[in-house]
Undergrad: 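Can you read through this structure? Questions will come right after.
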Amino acid sequence: MSLLKLKGLSVTYRTEEGPLPAVRDVDLTLERGEVVGVAGESGCGKSTLASTVLRLQPSSATVSGQVLVDGEDVLTMRWGDLRALRWAGASIVFQGALHSLNAVRRVGQQIAEPIQLHEPSVGAAEVARRVGDLLEQVGLPASRAASYPHQLSGGQRQRVMIAMALACRPSLVIADEPTTALDVMVQAQVLDVLSGLVKELGVGMMLISHDLSVLADMSDRIAVMYGGRVVEQGPADQLFTDPLHPYTSALSASFPRIGDPAARYAPAGLAGDPPDPRELPPGCSFAPRCSLAIPDCTTAEPPLELKRPGRGVACIRVGESV
Amino acid sequence: MTLAAADPAAAAAEAGEPRRRGGGYRRYALGKVLGALGSLVFMLVVNFFLFRVLPGDPARTLGRGRLSTPEQIAEFNKTYGLDQPVLQQFLTFLDNTVHGDLGYSILYHRDVSEVLVERMWPTLLLVGTSTVLAALIGVWLGIRAGWDRASRFDRFTTGGSLTLYSMPEWWLGLLLIAAFAVGIGPLPGLFPTGGLHSVDADPSSLSGVLDTAWHLTLPVITLTLAYLADYALIMRGSLIDELRSDYLTTARAKGLRDALVRDRHAVPNALLPTTTVVALNFGFVVAGAITIETIFSIPGLGLLTTDALQVPDYWLLQGVFMLSSAAVITANLAANLLYGLLDPRVRT
Amino acid sequence: MSTTSGTVTLTSRQLARRRRRAARARAWRRFRQNRAGMAGLVVLTVVVLVALLAPVLAPADGLEVTHATGGVLDAPSGEYWLGTDANGRSVLTLLIWGARISLFVGLMATVISMLIGTLVGLTSGYFGGWPGAVLFRLTEWFLVIPFLPLAIVLASVLGRSLVNIVIVIGVTSWPGTALLIRSQVLSIKERPYIERSRALGAGHRHLIGRHLLPNVVPIVFANTTLTVAVAILSETTLSFLGLGDPTRVSWGSMLDDAYGVGAITTGSWWYFVPPGVCVVVVVLSFTLVGQALEEVLNPKLRQR
């Protein structure tokens, strides 16, 4: 049984200006110990995807489809079971740790909280020891437990978030842009810590980022999202070096690899803005920005099809170009 | 596994944000104390201006009722240094105030400071009790209402609070007197219409204490209702401000029950602004008591103010004004210091 | 972007005006959705109409004690819907005329308070430096002076008249507005277009008149409504304490009179209940309208 399986997941927000479909018909699986990257520009629905896995979406959202964690559907689960699953079974490393941590409580208390909640039999001394261990695992001295979030740097706070996410030894970790707010040096360190721990502890991780190069380094497989849908899926290295969907190509080209001469001579970006989910263009949502678009692209939304072994692509032009 | 913290470059990169430890609160507190001292001096200037410069002829306003002949006026002017230049007068005024000389009450024929000290206790009892009650009930209502926004409880609480807020508190007191002290129709009056205790009661005995409590019931209810509206609305507002915060999502993701998310995470953050307002309101002791003490005939500073107003006894009015301003400044300082203690972002 | 054929190119001023009109229309649409705010607006419209039409609704000589025809504190009857006061005057007539004074004092005091508050807030926020700091301190100090004692002292020193009570309330209630506007100005000042405008050589007058004021006005507008509510409450309390204009009837002075003649102990509810209800209803309406405006005009609050 897969650790996490999303089946036909759609999330729509009610807004003043009408319904906003943030996630549309997404299928995704994640096995134990596997790292799956989810890539896409801001507003493509990837953060909504993350919050839906633990049913944390705001009340203005309507969700359809299934979110199976160890075969059980999170969306229809009883509240008690859901609370038991949260953090002990699956935890989240949120983006922007400054706001995701409570400013008036010490970070040690905040790391200890899920342990006390999910393992009430553990004594206070043991909890304190585990908090210290967790902090040291992420490269912080155990004495940092007494600090308040504002006393830590951005990188340190994000490490605290990681320590917190691992507190109850979950089998699934969802990392939602865990390094976005950090500068490049610190970003690399935090990613090191995260990937090291994931491998060491054998947890499955869904890593969400707009940075395809980060995902290529850390993930086993990658799903690329555009306009709320998965447009391409496949093994990480193949997808990055040999993208099939024109959007993936553009995304991959916008994060050039150092030492890649082709990228130096043909710097590529992507013109235009991501579509407004309330007013999606007809047919393929990417067509208006796509250099390969033909009139047929705007007639129907292309389905995600296996175009090569293990490579799903939603583009009618991929078949021709091969 | 390799740990990044062992790498000095990493430590340096992460120390990018300035971090001050210790000393922060001391500096914060010092700033607030200096600010309060500034307010105090400003208050004295305003006072001086109000009572000596604005009326044009201080001898007439300040000595009204006592001075009739020109000789008396000259004598009065000399006693209070009113024949001297304004700056000299101000220094004399400062000197007197610092030494507790707030002038002489023509209404009671006693030193103003003496009268003030004597009249302070009923007011403290009345306003202190009401503020504590109102803070407890108001904060509780605000939490319940803000957390379940737009629920029936919220609509009722917010509507009620806004109505109370729109009501002159003394009018509410009059309604309560008419209903529960005078009585409506067949319903007899349950509570006394006024006073601090019965004429024959010994305030130090147990029955005397009960008698005082019985007399204070209606005024305390009135003031509690008046203050409570404020606290409930503020607490509700600051809780709603917290509702969308990311740290609440974190708390939920951890698997905490809704009530725990509220009590352990949202409320401590939302309480910060409310605490400040409650502490600040302790300072409005006199101001809040003026009308309520008047309609319930409670011999505190408030009734003293309206009595002084009838004469008018300017020295006494000035004393009350100074005392009430000083109370607000002190409470304001206390509120700031308390905020600093409660919020680690200020404390450390 | 090029203009499509057929559209007339608009000058920047026309564009700005058109944008502003669209913004106003949008704000009004949002305001209409706020039921509490609409209810307040309807009530206020009725009260203002009653105040304006007072001479038609209740002839002014009904206020003259010498012309009074009713008995002493008569209960409501077919002739006197809300009974009579201790002088035999109709309480309803007093109520209608009282609306004029209460609204007048509330509005005029608010105008004064707004003028001082905007001036101080704008100056201290825009110019900064030591004048800004001094003004800011001054505002903070004024804020901690307890309102009622200060108002009482001022009123008793100045004497009792309609103008004085307006002045007293006006000069004691501006600090909140000043602080609000200062913080707004400080945040607007940091926006990039101000810097651009300054780099293009815009002077103080242009910056304040074209950029700061238009942005601050909506906030002031909402705050004004809330200030009127407080000013009317203040008028009522000061009049109750006998500091109002003795020659004019306001809701506060009616309550003072009712209290003075012992209407509470004799159970003459028709004399002390209606004025209080009027105050509550009007103050509540101003508050509701003010809150609705705040919600409409302040995008941060709207998301709530």
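Heavy-atom basis, side chains included; hydrogens, waters and symmetry copies ignored. Below, chains carry the letters A, B, ... as their sequence lines are ordered, and counting in each starts from 1.
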Undergrad: As an exercise, state the distance from OG1 of T236(C) to CE of M167(B), rounded to the nearest 0.5 Å.
TA: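 That separation rounds to 12.5 Å.
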Undergrad: Only one of T306(B), V320(B), T305(B) clears side-chain contact (heavy atoms from CB on, under 4.5 Å) with I152(C); which?
TA: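 Testing I152(C) for a side-chain contact (heavy atoms from CB on, under 4.5 Å) against T306(B), V320(B), T305(B) leaves exactly one candidate, T305(B).
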Undergrad: Say you draw a straight line from CD1 of I264(C) to CG of L176(B); how long is it, rounded to the nearest 0.5 Å?
TA: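 These two atoms lie 12.0 Å from each other.
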Undergrad: Identify the heavy atoms of L309(B) and R160(C) that sit nearest to each other, and give their distance.
TA: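 For L309(B) and R160(C), the tightest heavy-atom pair comes out as O-NH2, 4.5 Å.
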Undergrad: What option among G38(B), S325(B), A178(B) has the most heavy-atom pairs under 4.5 Å with chain C?
TA: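 Most heavy-atom pairs under 4.5 Å with chain C: G38(B).
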Undergrad: Which value, rounded to the nearest 0.5 Å, describes the distance between I290(B) atom CD1 and L148(C) atom CG?
TA: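 It comes to 4.5 Å.
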Undergrad: What part of L40(B) is in contact with chain C, defined as an atom under 4.5 angstrom from a non-hydrogen atom: side chain, backbone, both or neither?
TA: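 Contact with chain C is absent: no heavy atom of L40(B) under 4.5 Å.
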Undergrad: Which one wins on heavy-atom pair count under 4.5 Å against chain B: L288(C), V283(C), L138(C)?
TA: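 Option with the greatest count: V283(C).
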Undergrad: Please classify the contact between V153(C) and chain B as side chain, backbone, both or neither, with a heavy-atom cut-off of under 4.5 Å.
TA: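 Answer is side chain: those atoms of V153(C) sit under 4.5 Å from chain B.
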Undergrad: Can you measure from OG1 (T294(B)) to CZ (F240(C)) and round to the nearest 0.5 angstrom?
TA: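 Those atoms lie 7.5 Å apart.
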Undergrad: Within the 4.5 Å heavy-atom criterion, are P168(B) and V279(C) side-chain neighbours or not?
TA: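 The answer is yes; the side chains approach within 4.5 Å.
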Undergrad: Surrounding CZ of F180(B) (heavy atoms of other residues, nucleotides or ligands, distance under 6.0 Å), is the total greater than 12?
TA: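 No, not enclosed.
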Undergrad: Mind checking whether V41(B) and W141(C) have side chains closer than 4.5 Å, heavy atoms only?
TA: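 In short, these two side chains do not touch, never coming nearer than 4.5 Å.
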Undergrad: Side chain, backbone, both or neither: which part of F286(C) has a heavy atom under 4.5 Å from chain B?
TA: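 Neither the backbone nor the side chain of F286(C) comes within 4.5 Å of chain B.
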Undergrad: Taking all non-hydrogen atoms of both residues, which atom of Y259(C) and which atom of L174(B) are closest, and how far apart?
TA: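 Nearest heavy atoms, Y259(C) then L174(B): CD1-CD2, 3.7 Å.
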Undergrad: Given a strict heavy-atom distance threshold of 4.5 Å, which part of L255(C) is in contact with chain B: side chain, backbone, both, or neither?
TA: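 Side chain only.
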Undergrad: Please flag which part of V282(C) lies under 4.5 Å from any non-hydrogen atom of chain B: side chain, backbone, both or neither.
TA: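 No part of it gets close to chain B.
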Undergrad: As an exercise: rank L317(B), L162(B), N47(B), N332(B) by heavy-atom pairs under 4.5 Å with chain C and give me the winner.
TA: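 Option with the greatest count: L162(B).
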Undergrad: Select one option (side chain, backbone, both, neither) describing which atoms of T287(C) are under 4.5 Å from chain B's heavy atoms.
TA: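 Contact with chain B: side chain only.
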Undergrad: Quick one: of L150(C), V281(C), L243(C), V230(C), who has the most non-hydrogen atom pairs under 4.5 Å with chain B?
TA: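 Most heavy-atom pairs within the cutoff with chain B belong to L150(C).
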Undergrad: Determine whether a donor-acceptor pair (N or O, by modelled atom type, separation under 3.5 Å) exists between the side chain of W171(B) and the backbone of F272(C).
TA: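 Pair found, side chain donor or acceptor close to backbone of F272(C).
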